[in-house]
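Take a look at the structure set out below.
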Amino acid sequence: MDQETGTRLGIAELRELWAYYGHDLLLHDPGGSAECLVRRGELIASAEVLDPVLDRFRRWVDDVQHDDDLLLARVRLRGAERDRCVDMARETAGLAANHVHFGCPVMYGTPVMYGTGAEAREAPPVPEPPAAQWEPPVVVGVLDTGCDPHPWFRDRPWFEPVPEVLDADDDAGQDRQAGHGTFVSGVLLQHAPGAVLRTQRVLSSLGFTDDYTVVAGLRSLRQAAAARGEQVDVVVLTAGCHTADDECPPILGAELARWSGSVVVAAAGNQGRSRPFWPAALPSVVAVGATGSDGAVAEFSNFGPWVDTAAPGVAVTSSFVRMTGGGGRKFGFASWSGTSFAAPRVAAAVATALHEGRTRADSLDLVRDRYPFER
């Protein structure tokens, strides 16, 4: 939903909007069953398959950018092949390379586009979560836009601020997705007050990300946990995408396979469709739809056999940060809608169950019983 006109944005309009901010995107299969957005002219390859990919496409390769820590590379193509990146990715399926899938709904701020709340609206205060500290710790990784030092967080011993970017486009107004991570973290803390939250920024304040960035965030979270000597028990992902083949982006699926010891919870998306939304649709991930105050599944919530649970996601109130007229920050509260805000509710229930001594399997059974998806 466009905040200024109140009209719903289609994927073509979104491509034009993001192009304005310098993102070169390809709309694949416009209006078709495989419609999705990808970065034009890019392939992603893991380190172990980079050489065969380059051998196959070297004459069309313009540039290669490596991340030696994450063992990933972006392969940028030249000329007319830039518009063939989806087909070229399919040609490399046996090599485990893939084009960068662009996640349009949640990654861009689902409430703005598809939710009942077109934007985060100022709300009166709600009670602060208790200053609890569970022992042993239950660690929840939050991959979003960051987490500002809101009063709910800043005095907790585990808190490490990842400041929100409020005006990335420098237009003197708060960006559409700014404050999203602080809001999501607040939902978690309201329902799991003793959990330890670890934040990774993977989503821009304009809501833009891709599978490469999400994988990088997951790997960074895993590496940071290892350096601390801690286990990440639950991971919350509020970003997702459709893909050309309705399969999970390979690098994202491969990374999440490394998280078998954690419970990964992801928003199911807000298009009101049954088309698989990744990574929520992975069998190993708990996909969360949204319900309204009447307990019924919200009209905007995605649905289908791949959705596991549904939790309150309409007019949710949580912690928020707003940009002031002088470019400063004001901490307060907001009301917002979307599956982005149902997912942390389910993640908090899992964290609480683990704190109470339940096994991972029992915790999953508990949240599926408590938050069933019924449509």
Side-chain angles (χ1 to χ4, degrees), residues 106 126-127 129-130 132-144 158 183-198 218 221 225 230-238 240 256-269 276-298 301-314 316-318 338-375:
V106 176
V126 293
Q133 189 170 351
W134 293 341
E135 291 294 342
V138 178
V139 179
V140 182
V142 185
L143 282 80
D144 211 284
W158 46 260
F183 191 100
V184 166
S185 295
V187 175
L188 270 163
L189 210 59
Q190 288 180 74
H191 300 282
V196 172
L197 308 190
R198 301 296 187 198
L218 284 164
L221 180 64
E230 66 185 19
Q231 162 75 25
V232 180
D233 302 290
V234 186
V235 178
V236 184
L237 291 163
T238 61
L256 287 172
R258 297 172 178 262
W259 290 84
S260 58
S262 307
V263 177
V264 180
V265 178
F277 188 71
W278 307 102
L282 279 171
S284 62
V285 173
V286 180
V288 186
T291 57
S293 58
D294 59 358
V297 174
S301 178
N302 283 346
F303 59 93
W306 53 271
V307 181
D308 301 292
T309 62
V314 176
V316 177
T317 300
S318 186
T339 58
S340 290
F341 314 127
R345 180 74 170 261
V346 168
V350 173
T352 301
L354 294 172
H355 163 62
E356 292 171 347
R358 289 182 172 86
T359 65
R360 180 179 181 275
D362 287 345
S363 299
L364 289 171
D365 288 341
L366 182 146
V367 298
R368 290 188 176 107
D369 288 342
R370 183 179 299 173
Y371 298 112
F373 185 86
E374 299 174 349
R375 176 163 174 151

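Just so you know, these numbers use all the heavy atoms, side chains as well, and skip hydrogens, waters and symmetry mates.
The shortest heavy-atom contact between Ala351 and Val140 is CB-CG2, 4.0 Å. A pairwise comparison of heavy atoms in Leu354 and Asp233 identifies CD1-CB, 3.9 Å as the closest pair. For Pro129 against Pro193, the heavy-atom pair with the smallest separation is CB-CB, 4.2 Å. Residues Ser340 and Val184 share a closest heavy-atom pair of O-CG2, 3.8 Å. Heavy atoms only, all atoms of each residue included: Thr309 and Val367 are closest at CG2-O, 3.9 Å. Of all heavy-atom pairs between Ala349 and Tyr371, the closest is CB-CE1, 3.9 Å.
Between the side chain of Ser301 and the backbone N or O of Gly289 there is no donor-acceptor pair closer than 3.5 Å. Thr291 contributes no side-chain N or O that, together with a main-chain N or O of Ala310, makes up a donor-acceptor pair within less than 3.5 Å. The backbone N or O of Thr317 sits less than 3.5 Å from a side-chain atom of Gln190, completing a donor-acceptor pair. In this structure, Thr339 contributes its side chain and Gly269 its backbone to a donor-acceptor pair below 3.5 Å.
Using a 4.5 Å heavy-atom threshold, the side chains of Trp259 and Leu221 count as touching. Residues Val316 and Phe183 have side chains in contact (heavy-atom distance under 4.5 Å, counting atoms from C-beta outward). Taking the side chain as every heavy atom from C-beta outward, Pro279 and Leu237 approach each other to under 4.5 Å. Between Thr352 and Trp134, the closest side-chain pair of non-hydrogen atoms falls below 4.5 Å.
With sequence neighbours left out, the side chain to side chain contact (heavy atoms under 4.5 Å, CB included) criterion links Phe303 to Ser274, Phe373, Arg375. Residues passing the salt bridge (Lys or Arg N to Asp or Glu O under 4.0 Å) test with Glu230 are Arg198, Arg228, sequence neighbours excluded. Take Arg368 and apply the salt bridge (Lys or Arg N to Asp or Glu O under 4.0 Å) test, not counting sequence neighbours, and it matches no residue.
Atom CZ of Arg345 and atom OG of Ser318 lie 11.0 Å apart (nearest 0.5 Å). Atom CD in Gln231 sits 4.5 Å away from atom OG in Ser262 (nearest 0.5 Å). In this structure, the separation between CG on Asp308 and CG on Leu364 is 9.0 Å, given to the nearest 0.5 Å.
Screening Leu188, Leu143, Leu197 against Val236 for a side chain to side chain contact (heavy atoms under 4.5 Å, CB included) leaves a single residue, Leu188.
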